[in-house]
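Structure first, then comments.
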Amino acid sequence: MVTHPLSVRGDSEAQARPEDLPYTFEAEQGLLGAILVNNRAYELVSDYLSENQFSDPAHGRIYAECARLISRGQLANPVTLQARFNQDESLEAHGGSAYLANLAASVVTVVNAGDYGTLIRDAHLRRELLAFSQQTASDALSHNHDLTATEQIEIAENRLFTLAETGEVDRGFIHFREALNESVRTAEAAYQRDGQVAGVATGFADLDRRLGGLHRSDLVILAGRPSMGKTALATNIAFQVARNPDPDGRRQPVAFFSLEMSSQQLATRILAERTGIGSERIRRGELARADFQSLVEATGEIETAPLFIDDTPALAISALRSRARRLKRRHGLSLIVVDYLQLMTPPPGVRPDNRVQEVSIVTQNLKAVAKELDVPVLALSQLSRSVEQREDRRPMLSDLRDSGSIEQDADVVMFVFREQYYLERAEPKQRAAESDEQFDKRHENWKARLERSHGVAEIIIDKHRQGPTGIERLHFNGEITKFSDAIDDDRLPDQY
């Protein structure tokens, strides 16, 4: 790498002294000469190198023109490029079109083309890193009152991560053997879990059997109307994952972003689930001595679970991404839970035209987070009120509120539905023309249906990109906000 003060592009770079910026003038000459001699050298760098990564604008223009000709199946050499650069002022500083011939003539071998490309990319990243630091300092000194200092930090962190991503060469093609080996490893993980679960186990046997667990890089949407128990189910899953090691005995840290409930409320729910003491009794302190002892014992049992709660309201998706990234770096990460996605906001500076577009940006970013961190993201979602207008209130995909791209981006969409909730609020009233006998019969049918649906929760899997859809049923204890596998099928309503 040599220092060559040819030009400094961009306002932020202009703040640095040209002699201090890292350049790769000789490596650029070597790469361009190799391409002009043998166009196949371009294939060694085309996946990750672009014209704006060259320190000399003239070299970037030559590279871009070579790429244009080669992509069209034409030959790129000093002769074919001469007409293009005869009147190029940036090339005049190097001797005009004759410079092209000099580049080709100076090449000894083309085998180093890949190394040259790596040097060029690395120097570009270093220049961008300098520009980033100067821009960050400028932003901090600008006293921009539209953004808090914390928001500026999050913006800077995302800029830095984006820069880091550009430094990674795309994986490109892989041999089928590698994909096959990965598939076998996934099957082996499922085999070790009695042939049921390849992903992160939810702790619910029937649900895990249907889904195969929560798979890495998947966006899983859990939706439902208010009071259906979606937060309770998400909390149950999060704690089950955090308290149980994976098949290799490793801890499974969970990030729980609670935009609606406080961390204390979530902790109370988990305590209620573990002790069997109602959440309301815990909050009000209505405890006997034995109850208090149970709370102390449960606290000692669960306090070491690697469950991390962030209850920041109206959290921006960029902030979630940054915080999840930091958590994975420090503690590891097996699952992200978001409660709920309609309460999230787009990144600072992004102003969508409407609510649907705003939610679409959030879901697209949540899917990107799942892929980037290679963990499942379980995001809760509200449903529109249209559900309440139907006789059968079981939700469907079209009921997703502000749906936008929710259905499109999600790998799994499942709904929580409890008919008991609706039946309790629909006790029959005697109609004007209805006899006592008819009303009594209708009322008895209602009571029988209510009794059989008591504690029954349906988990309706309406989209499953990698497996079957269908309905799984769990037992729900509303007093302690706990779901469980235990359920007596004989008590299910007739229409099940």
Lys/Arg cation over aromatic Phe439: Arg431, 6.0 Å, 45° cone:
no

Parallel, tilted or perpendicular: which one describes the rings of Phe483 and Phe204, with boundaries at 30° and 60°?
perpendicular

Can a donor-acceptor pair be found between the side chains of Asn236 and Glu273 at a distance below 3.5 Å?
yes

To check you understand the geometry: which heavy-atom pair defines the closest contact between Gly117 and Val45, and what is its length?
CA-CG1, 3.9 Å

Let's go through Leu341 and Leu366 carefully: what are the C-alpha distance in whole Å and the side-chain angles of both, what is the deciding distance for side-chain contact (heavy atoms from CB on, under 4.5 Å) to 0.1 Å, and is it a yes or a no?
CA-CA 9 Å; Leu341 66 85; Leu366 285 176; 4.2 Å; yes

Going by atom types only, do Ser381 and Gln342 share a side-chain donor-acceptor pair under 3.5 Å?
yes

Do Asn365 side-chain atoms and Ile361 backbone N/O form a donor-acceptor pair below 3.5 Å?
yes

Any donor-acceptor pair under 3.5 Å from Arg210 side chain to Thr469 backbone:
yes

For Gln252 and Ala242, indicate whether the former's side chain and the latter's backbone hold a donor-acceptor pair under 3.5 Å.
no

OG1/Thr345 to CD1/Ile317 distance, rounded to the nearest 0.5 angstrom?
8.5 Å

Using a distance-only test with no angle check, is there a side-chain donor-acceptor pair under 3.5 angstrom linking Thr202 and Asp208?
yes

For a 4.5 angstrom cut-off between non-hydrogen side-chain atoms, does Asp462 reach Met414?
no

Can you tell if the side chain of Leu378 reaches within under 4.5 Å of the side chain of Ile336, non-hydrogen atoms only?
no

Evaluate the side-chain proximity of Ile237 to Val337: yes if any heavy-atom separation is below 4.5 Å, no if none is.
no

Judged by modelled atom types alone, do Thr231 and Asp339 share a side-chain donor-acceptor pair under 3.5 Å?
yes

NE2 (His454) and CG (Leu450) are apart, to the nearest 0.5 Å, by 8.5 Å

Quick one, His443 and Pro428 - any side-chain contact, counting heavy atoms below 4.5 Å?
yes

List the atom of Trp446, the atom of Leu423, and the distance in Å for their closest heavy-atom pair.
NE1-O, 3.0 Å

So does Leu383 get a backbone contact from the side chain of Arg225, meaning a donor-acceptor N/O pair under 3.5 Å?
yes

Distance only, no hydrogens: is a donor on one side chain within 3.5 Å (strictly under) of an acceptor on the other, for Ser217 and Asp374?
no

Grab the two heavy atoms, one from Pro253 and one from His331, that are nearest each other, plus how far apart they are.
CG-O, 3.3 Å

Nearest-0.5 Å distance that lies between atom CZ in Arg209 and atom CG in Asp206
5.0 Å

Hey, does the side chain of Gln265 reach the backbone of Ser262 with a donor-acceptor pair shorter than 3.5 angstrom?
yes

Any side-chain heavy-atom pair of Leu335 and Val375 under 4.5 Å:
no

Side-chain (Arg274) to main-chain (Ile302) donor-acceptor, under 3.5 angstrom:
no

Do Asp436 and Gln430 pair up side chain to side chain, a donor and an acceptor below 3.5 Å, judged on atom types alone?
yes

Quick one: does Thr235's side chain get under 4.5 Å of Thr481's, heavy atoms only?
no

Residues in side chain to side chain contact (heavy atoms under 4.5 Å, CB included) with Arg329, at least two apart?
Glu157, Arg325, Arg326

Quick one: does Val220's side chain get under 4.5 Å of Val377's, heavy atoms only?
no

Shortest non-hydrogen contact from Gly455 toward Gln420:
N-OE1, 2.8 Å

Tell me if a side-chain donor or acceptor on Arg390 pairs with a main-chain N or O of Arg394 at a distance below 3.5 Å.
yes

Rounded to the nearest 0.5 Å, the CG atom of Leu219 sits from the CD atom of Gln408 at a distance of 11.5 Å

Using modelled atom types and a 3.5 Å cut-off, is there a donor and acceptor pairing between side-chain atoms of Asp399 and backbone atoms of Ser384?
no

Ignoring hydrogens and geometry, is there a side-chain-to-backbone donor-acceptor pair from Lys463 to Asp411 under 3.5 Å?
no

Nearest heavy-atom approach of Ala298 to Leu271 is CB-CD2, 4.1 Å

For atom CD of Gln264, is the number of surrounding heavy atoms from other residues, nucleotides or ligands below 6.0 Å larger than 12?
no

Just how far is it from atom CD1 of Ile270 to atom CZ of Arg243, taken to the nearest 0.5 Å?
11.0 Å

Cation over ring, Arg425 on Tyr421, under 6.0 Å and within 45°?
yes

Give a yes or no answer on whether the side chain of Gln53 reaches the backbone of Ser50 with a donor-acceptor pair at less than 3.5 Å.
yes

What do the steps show when you test Met344 against Leu259 for side-chain contact (heavy atoms from CB on, under 4.5 Å), and what is the final call?
CA-CA 8 Å; Met344 299 203 69; Leu259 287 79; 3.7 Å; yes

Checking side-chain polar atoms at under 3.5 Å, does Arg323 have a donor or acceptor matched by the opposite partner on Thr312?
yes

